[in-house]
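Along the sequence shown, the residues carry numbers beginning at 1. Just follow the structure's listing: the first ligand is 1, and inside any ligand the first atom is 1.
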Amino acid sequence: MVQAVWEDGTKQHVQRLEKLDQWVAEWRSDAEKGRCASYIPALKRVNPAQLGICIIEPTGKMTVSGDWEAPFTLQSISKVISLIAACCHHGIPYVLERVDVEPTGDAFNSIIRLEMHKPGKPFNPMINAGAITVASLLPGKSEQKLAYANRIFQKLTGTLPLVNEEVFRSEWTTSHRNRALSHYLKDTGFLECEVEEALEVYLKLCSIEVDSQQIALIGLILALDGFHPLLQEQILPKQVVRLAKALMLTCGMYDASGKFAAHVGLPAKSGVSGGIMTMVPPKQNAASHFPDGCGIGLFGPAIDECGNSVAGVSLLKHIAQEWDLSIF
Ligand code: DON
């Protein structure tokens, strides 16, 4: 658990805010407008009414509410970690020669644009085609690729990642569209390893089990451009983190990224398990409730047609307005 990073003497301080508890209670019912992802059998069985949030500030102060301790799998939030890992290994230019940085306006697993825009370079690393390509760029065979990405996860959270084997198996045996995307990418020369290897790495990273506290901590470190405030150490290159945040803002909420930028105004990444990782950069807005920035981890498993947590997005819209969090 994240507590490990506070062992250097910084006291972990968990607080509850009546106002936040009220908002969570109020927006929890929005889950009725969505459903748990059903294309991954293991995710279908989750209680859709859960809603939890964890906010971590640079001092280590944590504000929590609702089902903030509930475990869930990273799913597409892992796309941020694999992008950072590939850029740390190869440098940004190498990665961007193989994956673009443009939003698509299509579903996260869409195939259509790969063939329409020759030579089939994925539009961005936040959609499946881009993330599978990024997974193929990690160094070594699948085990080493995973180990490399896992080290970045460990640096960020202070914990070793644990793959939820049931979710992984569930995806591995049903991932026909991702296999199709990977074969197409192999054919066009964008995949730098075998199809099954890239897919295994991509799906294992999607199946890492986390809670809202862990993704809030990752969000906080990204908010601070790669500086870990509790360890007082720059753990990731600033330029890589800035690239990741730009992609989160423009493509992180898939086909709803524009609406999220308009109504919430923060870089964010969602996953079909219902997780959302978002962050408030420091000193963007003097009126902000978090002038020194914060990381926010959120979990609400009922998702909409774009793949984003319905109650989670509603809650974030409300919080961003009430606490003046938009970066714009
Ligand atoms: O590739 C898939 O289908 C999933 N494992 C990840 C997709 C995902 O989380 C899309 N998100 N909103």
Give the residue, atom name and distance (to 0.1 Å) of the protein heavy atom nearest [atom].
atom: atom 6 (C) of ligand 1; answer: Q75 OE1, 3.3 Å
atom: atom 9 (O) of ligand 1; answer: S76 OG, 2.7 Å
atom: atom 12 (N) of ligand 1; answer: Y254 CE1, 2.9 Å
atom: atom 3 (O) of ligand 1; answer: Y39 OH, 2.6 Å
atom: atom 1 (O) of ligand 1; answer: Y202 OH, 2.6 Å

How does [X] reach ligand 1, by side chain, by backbone, by both or by neither, if only non-hydrogen atoms under 4.0 Å count?
X: N178; value: side chain
X: E171; value: side chain
X: C206; value: side chain

Extract all donor-acceptor atom pairs below 3.5 Å that involve side chains of residues 259-272 and protein atoms in other chains or at least two apart in sequence.
unit_1 : atom_1 : unit_2 : atom_2 : d
K269   : NZ     : G252   : O      : 2.9
K269   : NZ     : Y254   : OH     : 3.1
S270   : OG     : N308   : OD1    : 2.6

For ligand 1, is there an N or O atom under 3.5 Å from any N or O atom of [X]?
X: V272; value: yes
X: K79; value: no
X: G307; value: yes

Which of the atoms of ligand 1 are close to N128, meaning less than 4.0 Å from one of its heavy atoms?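 What qualifies from ligand 1 is 1 (O), 2 (C), 3 (O).
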Ring pair (Phe, Tyr, Trp, His ring centres under 6.0 Å) pairs, two or more places apart, involving residues 199-222: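 Every pair satisfying ring pair (Phe, Tyr, Trp, His ring centres under 6.0 Å) with a residue in residues 199-222: there are none.
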Is it the case that the side chains of N124 and D100 hold a donor-acceptor pair, with the cut-off being a distance below 3.5 Å and no angle test?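 Distance-only check fails for D100 and N124.
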For [X], I'd like to know if atom [atom1] has over 12 heavy atoms of other residues, nucleotides or ligands within 6.0 Å.
X: E194; atom1: CD; result: no
X: R179; atom1: CZ; result: yes
X: E18; atom1: CD; result: no

Any carboxylate oxygen within less than 4.0 angstrom of a Lys/Arg side-chain nitrogen, looking at D292 and K61?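 No, no charged N to carboxylate O under 4.0 Å.
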In terms of side-chain geometry, is the basic nitrogen of R242 or D225 positioned less than 4.0 Å from the acidic oxygen of its partner?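 Between D225 and R242 there is a salt bridge, with a charged N closer than 4.0 Å to a carboxylate O.
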